[in-house]
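This one's a predicted model, so the numbers in the text were calculated from it and none came from an experiment.
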Amino acid sequence: MEDVLRKLGTDYVLYFEEGDDGVLEIDGVSLPDEWKESPELYLRAALLLRFMHDGIRLKLVPRSGWWYYGIKNPESVAEHVYSMSLMAMLVAEYLREMGEEIDVGKVVRMALIHELGESRIGDIHLEARRYIPRGELDDAERRAFSDVAGVMGNISRRILELYREFEERSSREALIVRAADKLELLFQAYMYEKFGYRNLEAFWETKENFRDFFHHEFLEVLFRLIRALREHGLSAESGHS
């Protein structure tokens, strides 16, 4: 069994326990005896499900910036990840149609995993970040992400490489995902305002939210249209007041 785990690149001690009678346990639950007949399949399945503990936990982590500015029942991190992954995929497809060399699959994978660390440390909004040194916060996010991804053994190295690209903006795909992350944020802010929520000006005034739109004209156009929709909605509302 240790040979199989070594093949998978997984630390045996961290994730499994084996009793004297050969019973294999993960999180205190015994695997069925059939695992001995197909150990690699069962161990891969067990590791995947352990990883999904954190992946599913993102459904319970609220996007704290919305909560801070008074939105009741704000979207979860998982909901944000879904919609920004969809946006990133469509942006990548459009850019590829326009002649860019883009790996759309890589874009989607990067978008899906970029918030995994928040399953451990939560979503820390901009106001809170003012009180935490940037280097310390970045280090905490990296360590949390590494701990979540690490259970996947050899696969974790590919996941970590995607995360590093995202953090460093070191590929075309990373730039697209970075842009989609903020474009989706602003579009969600516009939608919340459309539904009647107010006091969201900070999202439109924070320079950090705009830094990734200007390396491609299409991304810049998307940003301008989202802002135009918002301004039109606000002016229409003031005209009716």
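E141 places none of its side-chain heavy atoms less than 4.5 Å from the side chain of F145. Looking at L48 and R44, their side chains never come closer than 4.5 Å, going by heavy atoms from C-beta outward. Counting only heavy atoms from C-beta outward, the side chains of V81 and V77 approach each other to under 4.5 Å. The shortest distance between side-chain heavy atoms of R129 and I132 does not fall below 4.5 Å.
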(request) Let me see the working for Y69 and Y197 under side-chain contact (heavy atoms from CB on, under 4.5 Å), right down to the final yes or no. (result) CA-CA 9 Å; Y69 285 99; Y197 287 100; over 6 Å; no
(request) Could you please spell out the steps behind the salt bridge (Lys or Arg N to Asp or Glu O under 4.0 Å) verdict for R172 and E101? (result) CA-CA 9 Å; R172 292 187 180 195; E101 293 185 8; 5.8 Å; no
(request) Take S146 and L160 through the side-chain contact (heavy atoms from CB on, under 4.5 Å) test and state the conclusion after the steps. (result) CA-CA 7 Å; S146 181; L160 288 166; 4.2 Å; yes
(request) Could you give me the CA-CA distance, side-chain angles and deciding distance for V91 and M87, then say whether side-chain contact (heavy atoms from CB on, under 4.5 Å) is met? (result) CA-CA 6 Å; V91 167; M87 178 175 280; 4.2 Å; yes
(request) Would you check, one step at a time, whether the test ring pair (Phe, Tyr, Trp, His ring centres under 6.0 Å) holds for Y190 with F187? (result) CA-CA 5 Å; Y190 157 69; F187 193 71; 5.7 Å; yes
(request) Please lay out, stage by stage, how M89 and V107 fare under the test side-chain contact (heavy atoms from CB on, under 4.5 Å). (result) CA-CA 7 Å; M89 180 188 72; V107 166; 5.7 Å; no
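P62 pairs by the side chain to side chain contact (heavy atoms under 4.5 Å, CB included) definition with P74, not counting sequence neighbours.
No path of Ile, Leu, Val, Met, Phe, Trp and Tyr side chains, each step under 4.5 Å between heavy atoms, connects Y68 with L126, placing them in separate hydrophobic clusters. Follow the hydrophobic side-chain contacts under 4.5 Å out from L41 and you never reach V151; the two are in separate clusters. Linking Ile, Leu, Val, Met, Phe, Trp and Tyr residues whenever their side-chain heavy atoms come within less than 4.5 Å places L183 and M191 in a single cluster. By the rule that hydrophobic residues join a cluster once side-chain heavy atoms approach within less than 4.5 Å of another member, L112 and I176 end up as members of one cluster. Residues L86 and V108 share a single hydrophobic cluster, defined by chaining ILVMFWY side chains whose heavy atoms lie under 4.5 Å apart.
Atom CD1 of I113 sits about 11.5 Å away from atom OG of S156, to the nearest 0.5 Å.
Residue pairs meeting the side-chain hydrogen bond (donor to acceptor under 3.5 Å, both in side chains) criterion with at least one member in residues 219-229, sequence neighbours excluded, are E220-R224. For residues 90-124, the set of pairs meeting the ring pair (Phe, Tyr, Trp, His ring centres under 6.0 Å) definition, not counting sequence neighbours, comprises H80-H114, Y94-F218, H114-F166. For residues 81-90, the pairs satisfying side-chain hydrogen bond (donor to acceptor under 3.5 Å, both in side chains) are S83-E184, with sequence neighbours left out. Applying the salt bridge (charged side-chain N to carboxylate O under 4.0 Å, His left out) test to pairs two or more places apart or on separate chains, those with a residue in residues 53-63 are D54-R57, D54-R120, R63-E75, R63-E115.
Residue W66 forms a side chain to side chain contact (heavy atoms under 4.5 Å, CB included) with just one option from L185, D123, N73, and that option is L185.
Contact check on E161 versus R158 returns no salt bridge, with no Lys/Arg side-chain nitrogen under 4.0 Å from an Asp/Glu carboxylate oxygen. Ion pairing between a basic and an acidic side chain is recognised when a charged N comes within 4.0 Å of a carboxylate O; E167 and R164 show no such pairing. Under the 4.0 Å criterion applied to side-chain N and carboxylate O atoms, R143 and D147 are not assigned as salt-bridge partners.
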Please table the atom pairs, donor to acceptor, closer than 3.5 Å between any side-chain atom in residues 199-211 and protein atoms at least two apart or in another chain.
from, atom 1, to, atom 2, distance (Å)
T206, OG1, A202, O, 2.6
N209, ND2, F203, O, 2.9

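Heavy-atom minimum distance, L116 versus G55: CD2-CA, 4.4 Å.
N154 CG: more than 12 foreign heavy atoms inside a 6.0 Å radius. Atom CZ of R198 is surrounded by more than 12 heavy atoms from other residues, nucleotides or ligands within 6.0 Å.
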